[in-house]
Amino acid sequence: MTIEVLNESGLELDVRRLSRLARFVMEQMRVHPQAELCIKAVDEATIAELNQQWMEKEGPTDVLAFPMDELRPGLVNEEPEEGVLGDLVLCPAVAERQGETAGHGTLAEVQLLTVHGILHLLGYDHAEPEEHAEMFGLQDRLLAEWRALDPR
């Protein structure tokens with residue numbers, strides 16, 4: 001897998017650890033081993049601009065997901081589809097506020113947003129109650145498994 005993490009946010013971010021988390025999630029979801037993902041951390045002005053341009057919403061948001069080849073999670077007995085998973089754009093400044101409000105800090109919030117964004121790239125959504133339950137249940141399981149491996 002090719003995972004590129006770019007930090008253009010102006011805030012400190014452990015890009016190697018974020019890359020390892022993304023790889024873990026993609027492996028757990030049986031994404032093709034040659035799939036590509038780019039994660040870019042940006043400042044609030046940049047994500048607000050992208051949020052307006054692509055989602056037609058005002059102001060900064062926490063994460064935006066831009067799928068490319070519409071890859072889906074691989075099935076146990078099937079070869080996963082090859083291609084580009086897509087791009088995630090994260091805003092650590094927003095994550096910092098949300099992590100503080102949630103009581104789990106910035107790192108945990110950035111990890112949550114990374115997993116959440118990858119699931120969106122894989123076609124998961126949370127608009128309907130059933131979708132919400134499935135996506136957030138999967139997100140919680142992946143985060144718990146990751147934190148058991150990387151308890152820092």
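When reading the values below, keep in mind they use all heavy atoms of this one structure, side chains included, and skip hydrogens, waters and symmetry mates. It should be emphasised that the depicted structure is a prediction, and the values quoted were computed from it without experimental measurement. Note that the numbering runs from 1 along the sequence shown for the chain.
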**Q.** F66 reachable from I3 in the ILVMFWY side-chain graph, under 4.5 Å edges
**A.** no

**Q.** Spacing of CD1 belonging to I39 relative to CG belonging to L18, to within rounding of 0.5 Å
**A.** 4.5 Å

Q: Scan L113, I47, T46 and name whichever one has a side-chain contact (heavy atoms from CB on, under 4.5 Å) with C91.
A: I47

**Q.** Inter- and intrachain pairs under salt bridge (Lys or Arg N to Asp or Glu O under 4.0 Å), touching residues 35-60, at least two apart
**A.** E8-K40, E44-R97

Q: Identify the heavy atoms of V42 and P92 that sit nearest to each other, and give their distance.
A: O-CD, 3.5 Å

**Q.** Value rounded to 0.5 Å, distance of CG in L142 from OG1 in T114
**A.** 12.0 Å

Q. Taking the side chain as C-beta and beyond, is there a heavy-atom pair between H120 and L88 under 4.5 Å?
A. no

Q. What is the distance from atom CD1 of I118 to atom CD of Q28, rounded to the nearest 0.5 Å?
A. 11.5 Å

**Q.** Cluster link L149 to V115, ILVMFWY, side chain under 4.5 Å
**A.** yes

Q) In Å and rounded to the nearest 0.5 Å, what is the CD to CD distance from Q34 to E82? A) 4.5 Å

Q.
Tell me the closest heavy-atom pair linking R17 and W146, and the distance in Å.
A. O-CZ2, 4.1 Å

(Q) Donor-acceptor pair, distance only, cut-off 3.5 Å: does the side chain of N51 make one with the backbone of G59? (A) yes

Q. E131: what forms a side chain to side chain donor-acceptor pair (under 3.5 Å) with it, not counting sequence neighbours?
A. none

Q.
Strictly distance-based, threshold 3.5 Å: is any side-chain N or O of N7 a donor or acceptor partner for the main-chain N or O of L11?
A. yes

(Q) What's the separation between atom CG in L143 and atom NE2 in H116, rounded to the nearest 0.5 Å? (A) 11.0 Å

Taking distance alone, no hydrogens or angles, what donor-acceptor pairs closer than 3.5 Å link side-chain atoms of residues 102-110 to residues at least two apart or in another chain?
unit_1 : atom_1 : unit_2 : atom_2 : d
H104   : NE2    : E109   : OE1    : 2.6
E109   : OE2    : Q98    : NE2    : 2.8

Q) Any link between L64 and L13 through a network of hydrophobic side chains (Ile, Leu, Val, Met, Phe, Trp, Tyr) touching at under 4.5 Å? A) no

(Q) In terms of relative ring orientation, are H132 and H126 parallel, tilted or perpendicular, with 30° and 60° separating the classes? (A) perpendicular

Q. Going by atom types only, do R147 and Q111 share a side-chain donor-acceptor pair under 3.5 Å?
A. yes

Q. Looking at Q139 and L112, what are the two nearest heavy atoms and their distance?
A. NE2-CG, 3.7 Å

Q) Applying the 4.5 Å side-chain criterion to the ILVMFWY set and letting contacts propagate, would V63 and V94 be lumped into a single cluster? A) no

Q. Can you name the closest pair of heavy atoms from L121 and P67 and give their distance?
A. CD2-N, 3.3 Å

Q | Spacing of L37 atom CG and L85 atom CG [to the nearest 0.5 Å] | A | 5.5 Å

Q) Are M68 and L50 connected, step by step, through hydrophobic side chains (Ile, Leu, Val, Met, Phe, Trp, Tyr) whose heavy atoms are closer than 4.5 Å? A) no

